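Only one structure is covered here, and it is reproduced in the block below.
Worth saying up front: this structure is predicted, and the values here are computed from it rather than measured.
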Amino acid sequence: MPPDPGPLRLSLLYAVVFTEIGIAMPFMPVWLDALGLDAVVIGLLLALPIATRIVATAPLMGLIDRGVGARSLLVAGSLALAATYALMPAAANLGWPLLAGLILLNAVAGAPLVPSIDYLTLAAVRRQPRLDYARIRMSGSVAFLVANLVGGALLTLLGERLAVPLLLTGLALAAGLIAYRSRSVAAHPTAVIAGPRPRLPLRLWLCIGAASAIQASHAAIYAFGSIHWTAHGLSTATVGGLWGVGVVAEIVLFALVGRLPARWRSPFRMIALGGCAALLRALGMVWFGDALGTLVLLQGLHGLTFGATQLGAMAAVSAFAPDGARGRAQGTLSAANATLSAGATLLSGLAYRAGGPLAFGLMAPLALAGLGLVYAASQQETKP
């Protein structure tokens, strides 16, 4: 029999959306700088999407529980994303306040994209247990890595002012077209439940809190890792290689995790594994954050700090979210990740200015908090 097109389409959706993220995340600041904007304005424009995702993601994903298809959200969000990217150069010529308004709309449009693909993938895995979420999600990590590597070359070839909005518009249009043509990935229509909305169970809230705290422990290294390494004599090429090590480790985990015994792939154990690795990585960055050999090992832990935590969080949403609240659960997880990560980033900025590498150590309590919350969630499972 021919292969089921659903997983292939989902992998393609992850690939296109994460290619867009892999261009926007590192190169949107470069584009804003090429416009000649003041550093304070650039900081404001980069903070807008984070704040918007905190507010917009959960309500938008909650529409799924009210009968709006996740694929419809993907199509509409991608088309709106393409339109806002295409208009940004003209808006920039008319003044940064107009550009800020477009960036805000762009962030609203993009907020449900990854959670919607996660929602569809988890639904597919529940329908067909032989499918592997990690293998499907791996395509996004591979695409992100390729976008990081190829994006710089394209910017050099085309110029920042043209390449960034052009590439992002094209990728958003491609995502919308793929989503529109991907009827095979549509989840069964969500039954709209009359009366009060189903509540998310306590153990799911605890898992969401645990995963979000562990993901937030990346804040210091995301914000100041490159700055710290170059200040200690590492070349920009070496720094780029170190980030590549982290993404490759994530890809390796996604590729091989399915071979682990099922009991090791439970939500609690995967999140706990990510928390232990995050604790080790935070403390290691304090003591060995300027030694290249150790840094390679510490960056290799990213496969667990991000990858295992992500897999555990997805498993928790799939296993514990009640029918009629799965979209809200997916959106709540994304919003919690954004909220804690934004707060941790602000904290790490103050800490790095005051104590340099001690900022990395301040991420350890977040990892410990995640471990405590996931332990509490595991105890909830045993209660009647």
Side-chain angles (χ1 to χ4, degrees), residues 21-22 25-27 29-30 39 43 46-47 50 141 144-145 148-149 152 210-253 270-310 312 337-338 340-372 374:
I21 295 171
M25 186 179 292
F27 300 120
V30 176
L46 292 176
I50 299 173
S141 299
F144 183 87
L145 178 61
N148 283 180
L149 298 175
S212 299
I214 295 166
Q215 295 290 18
S217 73
H218 292 95
I221 197 167
Y222 283 169
F224 298 102
S226 297
I227 294 171
H228 185 68
W229 298 333
T230 53
H232 284 80
L234 298 183
S235 68
T236 53
T238 301
V239 170
L242 286 171
W243 287 115
V245 167
V247 181
V248 169
E250 174 188 323
I251 293 168
V252 170
L253 175 73
M270 293 303 292
I271 294 174
L273 186 59
C276 290
L279 180 62
L280 181 61
R281 191 182 188 188
L283 297 177
M285 279 295 297
V286 176
W287 294 319
F288 308 108
D290 55 358
L292 180 58
T294 309
L295 281 174
V296 171
L297 298 176
L298 292 174
Q299 283 298 93
L301 289 174
H302 185 79
L304 299 177
T305 60
F306 173 81
T309 306
Q310 169 73 8
N337 279 340
L340 289 186
S341 293
T345 300
L346 292 174
L347 174 64
S348 66
L350 296 172
Y352 192 81
R353 183 175 64 180
L358 291 177
F360 303 118
L362 283 180
M363 300 296 103
L366 284 169
L368 283 172
L371 289 171
V374 77

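No side-chain heavy atom of E250 sits under 4.5 Å from any side-chain heavy atom of L253. Within the 4.5 Å cutoff, the side chain of L295 has heavy atoms near those of the L234 side chain. Inter-residue side-chain proximity for Y352 and I227 is flagged as met; some heavy-atom pair is nearer than 4.5 Å. The shortest distance between side-chain heavy atoms of Y222 and S348 does not fall below 4.5 Å. A 4.5 Å side-chain heavy-atom check between L366 and I214 finds every atom pair outside the cut-off.
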Pair L280, T305 - check side chain to side chain contact (heavy atoms under 4.5 Å, CB included), show working.
CA-CA 10 Å; L280 181 61; T305 60; over 6 Å; no

Could you go through the side chain to side chain contact (heavy atoms under 4.5 Å, CB included) check for R281 and M363 one step at a time?
CA-CA 9 Å; R281 191 182 188 188; M363 300 296 103; over 6 Å; no

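A centroid separation of less than 6.0 Å is found between the aromatic rings of F306 and H302.
Closest approach of A367 to G275, counting heavy atoms only: CB-O, 3.7 Å. Shortest non-hydrogen contact noted between L279 and A364 is CD1-CB, 3.7 Å. Minimum heavy-atom separation, F144 to I21: CE1-CG2, 4.0 Å. What you find for M270 and G312 is that their closest heavy atoms are CB-CA, 3.6 Å. Listed here is the closest heavy atom pair of A308 and G274: CB-N, 4.1 Å. What you find for A216 and A344 is that their closest heavy atoms are O-CB, 3.5 Å.
Looking only at atom types and distance, the side chain of T294 has no donor-acceptor partner in the side chain of W287 under 3.5 Å away.
A distance of 10.0 Å separates CD1 in I271 from CG in L371, rounded to the nearest 0.5 Å. From T345, atom OG1 reaches atom CG of L340 across 10.5 Å, with rounding to the nearest 0.5 Å. Between the CG atom in L301 and the CE atom in M285 there is a gap of 11.5 Å [rounded to 0.5 Å]. Interatomic distance, L298 CG to L283 CG, rounded to the nearest 0.5 Å: 10.0 Å.
The backbone N or O of G289 sits less than 3.5 Å from a side-chain atom of W229, completing a donor-acceptor pair.
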